[in-house]
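Working notes for the structure below.
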Amino acid sequence: MTDNLKENIRVRFAPSPTGGLHLGGVRTVLFNYLFAQKWGGPFILRIEDTDQTRFVEGAEQYIYECLNWCGMKPDESPANPGEYGPYRQSERKAIYREYAEKLIEKGLAYYAFDTPEELEKMRQEFKTEINPSPQYDSSIRLKMRNSLTISNEEVKLWLQEKKPYVIRVKMPEHETIEFNDLIHGHVAFESSTVDDKVLLKADGMPTYHLAVVVDDYLMKITHAFRGEEWLSSAPVHVFLWKSLFGLDKMPFWAHLPLILGPNGKLSKRDGAKYGFPVFAMNWTDPRNNEFTEGFKEKGFLPKAFNNMLAMLGWNPGTEQEIFEMEEMIQTFSVERIHKSGAKFDFEKAKWFNQEWIKKTDNQELYHLVAPILETKQISYGSEANLTDIIGLVKERCVLLTNFIEQTSYFFITPEKIDADSIKAKWNEAKNNFFNVFIEKMETLEWSVEAIEESFKQLATSHQIKPGELQLPLRIMLVGGKFGPAVFEIAQRIGKQETVSRIKHSLNLLNH
Ligand code: GLU
């Protein structure tokens with residue numbers, strides 16, 4: 001094992017239910033999942049919902065649905081608790097205070113009674129050109145109202161009087177805080193540059209910083225992959241680990257590279273601007289009804305989505321790009337995760353999807369395509385019928401939603417016929433040909449071979465190249481210049497429907 005492992009690994013994904021899950025979030029899930037699967041440990045989902053102001057209705061449910069769609073089922077979660085529950089931080093509120101108080105006892109944290117007005121005053125007072133937003137840190141703390149600056153008696157009294165307070169960590173001065181990141185290697189911070197983060201809020205809820213450390217400890221987490229945006233919080237976490245539990249118990253961290261869009265960090269706005277999804281599934285923010293499109297509804301296969309995400313920041317060290325989940329699990333290695341940002345390219349994402357459509361068997365595709373056609377009220381006949389048709393057209397589909405256009409003419413008479421494309425090379429001879437062909441069809445045995453043979457013979461006897469007649473026939477049957485072999489289409493839609501579509505087009509052409 002080269003991945004610097006502890007025994008009995010336990011890996012977690014710990015999202016905050018603050019909205020839809022964007023592709024960076026799902027990639028974090030994926031890397032945690034791949035790692036857990038590879039080394040045979042449980043994959044844990046913990047909901048980090050201690051920030052009540054950012055809580056969004058429905059977001060937790062949405063996370064389950066996304067994980068379910070991607071096929072990454074947690075072994076332990078709020079919905080499926082193991083022995084380390086509860087798995088939702090808001091239900092663990094009573095646990096955290098003890099740890100915050102332990103830090104106070106050790107002189108590593110303190111009570112702070114500053115009012116919002118006082119905090120604002122501090123920001124104004126200490127603001128300089130080079131430091132426009134001063135932090136509550138070692139250079140400031142002794143100028144504020146906290147248990148470091150007021151007497152013990154007064155602190156006791158204020159606590160008794162239930163004066164609102166928070167507990168802040170007391171970051172050491174001029175120390176190097178360091179750890180080994182699985183991706184970035186040795187990472188060091190100068191402790192004085194880190195602010196005294198709030199650990200316990202006035203409402204008694206912990207902040208993320210305290211809760212993440214306490215829970216990773218209590219849940220015996222050994223490894224955590226998380227976004228690079230958390231790297232700057234790592235010194236606080238390392239300090240809390242050292243102060244509360246010992247660094248030897250600290251999980252291995254892997255801070256994943258950012259996902260880049262066309263202009264820097266990929267954002268929801270990029271999706272709207274450039275017309276690609278950034279969330280795993282459709283999401284409507286209940287606070288303002290803002291809608292964000294999902295990869296699922298755009299027509300992505302979960303396998304393709306996972307495959308594409310794995311390649312955002314990781315490579316297998318070979319030319320291979322298409323991976324089954326099982327293969328990804330075997331091939332995955334932390335050493336091959338890049339440090340630098342990974343560029344998201346929607347065209348490449350579609351390429352993965354197209355490859356996966358080609359690779360997936362028709363029966364499996366049926367289960368993905370049928371619901372899409374059903375939402376469009378397209379009745380496709382039997383399962384066997386649609387499965388066969390999927391096989392005929394799948395080479396032409398990049399997204400699952402393309403199956404709507406690529407299959408609907410098998411079931412529904414096209415509303416629009418691209419008559420202009422026929423007209424460009426239309427003449428009386430071709431018109432005659434189709435009129436005779438309609439008559440001949442009456443007695444024709446309705447097999448692909450028979451239709452094709454009769455069509456070609458008749459073309460020859462009319463001294464027209466069959467190729468020149470096939471495109472008009474295709475447009476008459478399909479509505480446009482697309483679809484699989486045209487005689488196959490005719491055979492499938494049936495004799496009566498074929499005649500009727502040709503007649504309808506001839507009518508259009510003659511007016
Ligand atoms: N709750 C954090 C988030 O929403 C998780 C950060 C971490 O994994 O430590 O992203």
Side-chain angles (χ1 to χ4, degrees), residues 1-16 24-39 41-48 74 76 84 89 99 169 171 175-191 193-195 197 199 206-259 265 309-310 312-314 332-342:
M1 230 177 326
T2 53
D3 281 324
N4 211 10
L5 289 169
K6 291 178 176 175
E7 274 178 14
N8 301 326
I9 69 143
R10 289 175 55 79
V11 187
R12 57 79 172 164
F13 171 58
S16 299
V26 188
R27 188 198 50 179
T28 304
V29 180
L30 178 66
F31 284 20
N32 278 300
Y33 178 81
L34 292 175
F35 189 84
Q37 291 288 316
K38 178 160 181 177
W39 300 114
F43 165 58
I44 297 144
L45 172 70
R46 182 176 69 228
I47 297 292
E48 302 207 322
E76 297 169 27
Y84 299 91
Q89 287 183 329
Y99 293 96
V169 61
M171 289 304 286
E175 268 183 29
T176 303
I177 299 186
E178 52 195 342
F179 73 103
N180 277 319
D181 185 271
L182 293 180
I183 297 169
H184 296 264
H186 180 252
V187 189
F189 300 85
E190 144 67 68
S191 64
T193 63
V194 184
D195 61 322
K197 294 225 181 306
L199 301 179
T207 57
Y208 155 71
H209 302 291
L210 177 63
V212 76
V213 170
V214 169
D215 287 344
D216 281 349
Y217 171 72
L218 294 177
M219 293 184 175
K220 296 200 167 59
I221 301 303
T222 60
H223 293 78
F225 293 73
R226 61 182 186 184
E228 200 175 278
E229 63 274 21
W230 297 106
L231 192 56
S232 60
S233 301
V236 182
H237 303 166
V238 174
F239 179 68
L240 293 177
W241 271 99
K242 185 173 156 209
S243 310
L244 286 169
F245 311 117
L247 286 180
D248 57 323
K249 305 255 174 20
M250 191 169 87
F252 288 104
W253 300 103
H255 289 90
L256 296 172
L258 291 179
I259 297 185
K265 191 177 171 205
L309 288 179
L312 280 179
W314 173 80
F332 184 71
S333 91
V334 180
E335 284 98 2
R336 294 205 163 275
I337 299 176
H338 316 164
K339 283 195 190 70
S340 52

Using 0.5 Å steps for rounding, measure from the [atom1] atom of [X] to the [atom2] atom of [Y].
X: Ser333; Y: Leu34; atom1: OG; atom2: CG; answer: 11.0 Å
X: Leu312; Y: Leu30; atom1: CG; atom2: CG; answer: 10.0 Å
X: Met250; Y: Asn180; atom1: CE; atom2: CG; answer: 8.5 Å
X: Asp181; Y: His186; atom1: CG; atom2: NE2; answer: 11.0 Å
X: Glu228; Y: Ile259; atom1: CD; atom2: CD1; answer: 11.0 Å
X: Leu231; Y: Leu256; atom1: CG; atom2: CG; answer: 11.0 Å

Looking at side-chain heavy atoms only, is the closest gap between Phe189 and Val236 below 4.5 Å?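 They are not in contact (no side-chain heavy atoms under 4.5 Å apart), so the answer is no.
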Taking side chain as C-beta onward, heavy atoms only, is Leu45 less than 4.5 Å from Pro15?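 Touching, per the 4.5 Å side-chain cut-off.
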By side-chain hydrogen bond (donor to acceptor under 3.5 Å, both in side chains), Asn32 pairs with (sequence neighbours left out) none
Any idea which heavy atoms bring [X] and [Y] closest together, and the distance?
X: His209; Y: Leu240; value: O-CD1, 3.6 Å
X: Glu48; Y: Arg46; value: OE2-NH2, 2.8 Å
X: Met171; Y: Phe239; value: SD-CD2, 3.8 Å
X: Ala36; Y: Pro42; value: CB-O, 4.0 Å
X: Pro257; Y: Gly313; value: CG-CA, 4.2 Å
X: Gly227; Y: Thr28; value: N-OG1, 4.4 Å

Output yes when a side-chain donor or acceptor of Trp314 lies under 3.5 Å from a complementary backbone atom of Val334, and no otherwise. no
Hey, is the main chain of His255 close enough, under 3.5 Å, to the side chain of His184 for a donor-acceptor pair? yes
Show the numbers, then the answer: is there a side-chain contact (heavy atoms from CB on, under 4.5 Å) between Arg12 and Met219? CA-CA 9 Å; Arg12 57 79 172 164; Met219 293 184 175; over 6 Å; no
Test ring-ring contact (aromatic ring centres under 6.0 Å, His included) applied to Tyr208 and His237, step by step: CA-CA 10 Å; Tyr208 155 71; His237 303 166; 5.4 Å; yes
Between Phe31 and Val11, is a side-chain contact (heavy atoms from CB on, under 4.5 Å) present by the stated rule, with each step listed? CA-CA 10 Å; Phe31 284 20; Val11 187; over 6 Å; no
Just say parallel, tilted or perpendicular for the rings of Phe35 and His223, cut-offs at 30° and 60°. tilted
Which label fits Tyr217 and Trp241: parallel for a plane angle under 30°, tilted from 30 to 60°, or perpendicular past 60°?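 It falls in the perpendicular class, over 60°.
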Thr222 and Phe252: side-chain contact (heavy atoms from CB on, under 4.5 Å), yes or no, with the steps? CA-CA 6 Å; Thr222 60; Phe252 288 104; 5.7 Å; no
Could you tell me which residues satisfy salt bridge (charged side-chain N to carboxylate O under 4.0 Å, His left out) with Arg27, sequence neighbours excluded, listed by chain and number?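 Checked Arg27 against salt bridge (charged side-chain N to carboxylate O under 4.0 Å, His left out); zero matches.
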What do the steps show when you test Lys197 against Leu210 for side-chain contact (heavy atoms from CB on, under 4.5 Å), and what is the final call? CA-CA 9 Å; Lys197 294 225 181 306; Leu210 177 63; over 6 Å; no
The ring-ring contact (aromatic ring centres under 6.0 Å, His included) partner of Tyr33 among Phe43, Phe225, Trp39 is Phe43
Aromatic contact, Tyr99 with Phe245 (centres under 6.0 Å):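 Here the rings of Phe245 and Tyr99 have centres that are less than 6.0 Å from each other.
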Excluding sequence neighbours, so at least two apart, what forms ring-ring contact (aromatic ring centres under 6.0 Å, His included) with Phe13?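 Here no residue qualifies.
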